[in-house]
Amino acid sequence: MTKAQEFTIQVPSEDPQKKKDKPESDKPDFEGLSKVGKDAKGGKTEEEGEELSEEDQRLKADLEMAIQRLKEPKTELYGPALESLRNEIRTSTSSMTSVPKPLKFLRPHYPDLQALYEAWPVSQDKSHFADILSVLAMTYSDTQPRGTLRYRLLSAAQRPSDSPLPDPGTWGHEYVRHLAAELGDEFALREREELGETSEAASVAKAESEAAKIPGTIEDLRNLAKQCATFLLEHNAEPDAVDLLEEMEIIEEITQLVDENTFGRVCQYMVRCVNLLPPPDDSLFLRTAHAIYVKHHKFPEALSLSIRLGDPTLVREDFNAPANPTMKRQLAFIIARAQLPIEWLSPPDEEAEFEQDLLNCLYNAKLSEQFRAFGKEVGVEEAKSLEDVYKSHLENTRSGTSANIDSARGNLAGTFVNAFVNAGFGNDKLMVMADEGNSWIYKNKDHGMMSAAASLGLSLLWDTDVGLSHIDKYTYSAEEHIKASLFFIFPSICFSDFFVLYQAGSLFATGMLNSGVRTEADFALNLLTEYTENKSVPLKTSAFMGLALAYTGSHRQEVLELLLPHVSDEVSMEISSLAALALGFVFVGSQNGEVSSTILQVLMEKSDKEGDKSLDEKWARFMALGLGLLYLGQQDASDATIETLKAIDHPISKTAQILVEACSFAGTGNVLKIQSMLHHCDEHVNADKGETDGKKDEAKKDDTFQAFAVIAISLIAMGEDIGAEMALRQFNHLMHYGDPIIRKAVPLAIGLVSASNPQLPILDTLSKYSHDNDLQVAINAIFAMGLVGAGTNNARLAQMLRQLAGYYQKEPDSLFMVRIAQGMVHMGKGTIGLNPFFGDRNIMSRPAVAGLLAVLTAFTDSKAFVLDKYHWMFYLLTPAMYPRFLITLDENLENKPVTVRVGQAIDVVGQAGKPRTISGFQTHQSPVRLGTTERAELATEEYIPFSHVLEGFVILKKNPGWEREDKMEL
C-alpha cells in the first residue's frame, strides 16, 4: 500500500503545465485578426515551437505539409491536400472567444496562398481552393475588405452547374455572419456607384473595390444572401436574416424561406421594425409580414396588419379566407373595434350577405349589453353623483370664499362630468333616471341646455334601442318651453310634426348613441337628414355633427350627398367648416377625391375673392382639419393636396399644409416629418424687431400654424415609444423658448402623446404647467391632465385636480376645466379609455384620432370655442371612447369566465427562447379591465383563443389535448 502511494507521488504530472497553458488559450485571442502576430513581451510569435503543445505542433505540421503539396507541380496531390485543409478547419474546436487554431496557423501563409491561387488554371480544385481562401480571408478583413465574399463568389463561378457549392452554413455560424456583413457592404457600394455618388468615403471604397474586384452580379449577391438567410433562420437568428434581406432590398423573398417554426418570430420582428423604417419600406414590411401570416393561416394577425395598411382588398380577403364560422366571428369583432366600413367586406359593386350572428358582431350590436354586464361584474354598475367625483370635502378651499355651486357655469360643468363618468351605463340620476319635471336640463341656461340634452347620448352610449326612447321622452315633453328655451333665437319653430323630433341637443344625442355601433334601421341617418336643410344654425350644425359622430369612419356615400353641398354653398364659415369637419370624420383616411377637391376649391375661391374675410375667422381651422382627416395615415398620398395648398395665398394655407402632412404621417414615428414640424416652431413670427408701437400691432402676422405644428409632433410620434419619449423632451424646450401660441399648444400635445396613460413624469410636468401665469396655458394643461388620465381613476391625478379646484376657486373658466378633467379621469367609472391604439398598441384607430384632433383643435383657441357657447365640442371625444376590457366568450358567443393573468406588457421581440410577455401580473377571473400598457394572457392551457391578442371580445375553444391535473386526495 505504501509503495503504491510512493509511486503515485513520484510520477510527474502534466497538470501544472496545463494550468500554465490554460489561461493563455482561454483568453480572447484577437491576434489572428491583427496585421502582426507578434507577442508583446519578447517579439516571439505564438506559433514558435516551444510555446505549442504536441497536438498543436502536429496540427501545424499537417497544415504546412498540405500547403507544401499545393505548391508542388503534381496536380493529383491538390485534391487530397485541399480536403485535408477543409477538414482541419471544419473540425477545429475552440472556445467562443478565441480564433480557431487552423486559421491562426494558416494566417501567415495567406498572401502566398493568394498568389498561388492566381497561378492555378480554372478547375474544380481551384474552386475548392477559393472556398478555403474565403474562410481564411476572415483573418485579413481589416486589410483586405470583402475578401471572404470575393473568394466565395469566385469559388461559385468556377463550379459546374450540376455541382453547386455547398451552403455557406457548412463553415459555421461566424462565417455566415461575416459573409452577411460583407454582402451588405458590397451591395451598398454598388448602389452608390449606380447613383454616381462622389463622396470621399465612396471614392476610397471604390478604389478598394477596384484593387480587389468582386465578381458577380447583383442577382448573384442576392442569391448568396438568401442562402445565408436560410441558415440564419434555421439557427434562431431571425433578426439577422431579416436585416440582411432588407439590406439587399429583397425582404419580400423571406416569405419563401420561413417555416412553421420561424414565421412567428420573423413576423414579430418585422412588425416591430415598421415604426423605425422610412416609407415605402415600412408598408413593404407590413405587406410581407401579412403574406407570411396568410400563408400560415394566422388570420387575426393578418387582418390586424391589413387594418394598419388601410387596404380594403386585403381586409376583404382576410375576412373571407377562413372557413371556420367561429374564426369569422372573431375577425368580425376585430373589424368592429377598428370601426371599418362594412362595405369593404363586399366585392366591388356587389353587396355581400352575412348571417345575422355575424352581422351582430360586425355592427357591435351587443357592445352596450356586454359593457353593462362587465360594469356589474367589476362592481361599478351603480351611478356616480357629482360629489362622488369632486369630493369637495377634500378640497383645500378657504372658508367664506367657496364658489357658488348652483351657478350656471358650475351646472354646465356638472352636465359634462355626469355624462363622462356615467357614460355607457344609462343610469345616471341627473338625466336618464331623473323625473320628467326635475331634469338637469332646467338647471342650465342658453346653450348650456343644448349640451345638457346632448349629454343623454353619452349616458346611453351604444344603446340604440333604449337610448332613442329616452330621447323621445324629452322630445315629446308636454312642457314646450324646454324646446323654446333651447332655441331661444328661433321661438317660432314648430315642434309638433312627428319627424321634427329632436332639438339640437337631441340630434347630438342621436349621433352619439350610434357612435361605434351600427343598426340595420340607420336611425341616425333617417332622423338627422331632414335637419341638414333647416334654417336654424344650431339645428343644422347639430345635425352635421350628429351624422359625423354616428358614421365616423364609415365612408357612407349618403352622408357625402347630404353634407358636400353645404361646404361649397355661399353660407357662413361656421356651417361650411363644420360640414367639412363632419365629412372628414365620416371619410377619415379614405383619400376621398370629391371631398378634398371641394374643400380645396372653397379655400381657393375664398382666398381669391376680394373683401372676403371668412378665411380669417376662427372656424377656418376646422375646414383645414376636415381636409387633413381625409388623409389620416395615408403617408405620401397627400403630396398633391399639399402642393395645391401651397398655391393659396392666405395664412390658412400654412395651417392646412401642416394639418394634412401631420395627419398623413400620424402614428408612424417618421423622424424627418417631426424635424420639419420643429422647424415650423423655431421661427418667432411676431418677434419685436424694433418697430414703433403703432406699427407692431398693424404688422401682426397669423401664427396659428405653429400651434398645429406642436400638436403635429405628438400626432406623428405617438405610435412609437422611443419617439414619444424624445418628443416629450422637445416639448420641454418649446415651453421654455417658444412664443405664447406654442406654449399654449404644448400641454395639448403632451396630452395627445400619452392619452389614457398617466405616467408620473408627465403628470408632474402638466401639474407645473397648470399653475402657469398665462391662463390659456393653465387651462390647456388642466384639460391635458384629464386627457392623460382619461378612464384610469388615477388617485394621484384626482388629488392634483382637487388641489387645483381649490387653487382656481375664484377663476370660473379654470374651475370649469378642472371639473371637466375630473369627469374625464373617472370616465365610464374607470372602464372607458381614450387611447387611439388597440390590438396590443399596434393598430391606430382612425376614428379615435379624428375625435381627439377635433377637440384639440378647439383648444387651440379655447376662449372662442369650448369656453364660449361651443362647449358641445367636448362631445367630439365620443369616437375615441371605447371600453378597456377583456371579455371571453365561448363558441356560441356566451360569456365564458376563465382565469387570466394581467400585467405590464414587456417587449420580448428578438429575445431567445420563450420569455414572459408580462411582468408583475395579477390573476383574475374574466371579464377584466385592461390598462393602456397592460397585457393579458390565459393562466392555463385549457382553452385556445381565436385571437392573437387578449383584448376586447375574445372567443375561446376547448383545448382537446388539455387534461386537468387532479389534486391528490388525502
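Values below: all heavy atoms of this structure, side chains included; hydrogens, waters and symmetry mates excluded. Sequential numbering from 1 along the given sequence is applied to the chain's residues.
With salt bridges taken as basic N to acidic carboxylate O contacts below 4.0 Å, one links Lys958 and Glu942. Ion pairing between Lys957 and Glu891 fails under the 4.0 Å rule for side-chain N and carboxylate O. The pair Arg841-Asp907 fails the salt-bridge criterion, with no side-chain N (NZ, NE, NH1 or NH2) lying under 4.0 Å from an Asp/Glu carboxylate O.
Across every non-hydrogen atom of Cys361 and Ala336, the tightest pair is O-CB, 3.3 Å.
For Phe665, the ring pair (Phe, Tyr, Trp, His ring centres under 6.0 Å) criterion is met by no residue, not counting sequence neighbours. Under the rule for a ring pair (Phe, Tyr, Trp, His ring centres under 6.0 Å), Phe285 has no partner lying at least two apart in sequence or in another chain.
Ring orientation note: the planes of Phe859 and Phe783 are close to parallel, at an angle under 30° on the 30°/60° scale. Between Phe263 and Tyr293, the angle of the ring planes goes over 60°, which puts this pair in the perpendicular group of the 30/60° scheme.
Annotation: cation-pi geometry not satisfied between Arg929 and Phe885 (NZ/CZ under 6.0 angstrom from ring centroid, within 45° of ring axis).
Between Phe585 and Tyr551, a ring centre-to-centre spacing not shorter than 6.0 Å is recorded. Between Phe299 and Phe319, the ring center distance fails the sub-6.0 Å criterion.
Other residues, nucleotides and ligands place more than 12 heavy atoms under 6.0 Å from the NZ atom of Lys295. Within a 6.0 Å sphere centred on CD of Glu725, heavy atoms belonging to other residues, nucleotides or ligands number 12 at most.
With contacts defined as side-chain heavy-atom distances shorter than 4.5 Å, the pair Pro747/Leu766 qualifies. For the pair Phe946 and Pro322, the minimum side-chain heavy-atom distance is 4.5 Å or more.
Shown are Leu461, Ile832, Asp463, Thr831; of these, the side chain to side chain contact (heavy atoms under 4.5 Å, CB included) with Phe425 is made only by Thr831.
For the residue pair Gln799/Arg802, the side-chain donor-acceptor check at 3.5 Å is satisfied.
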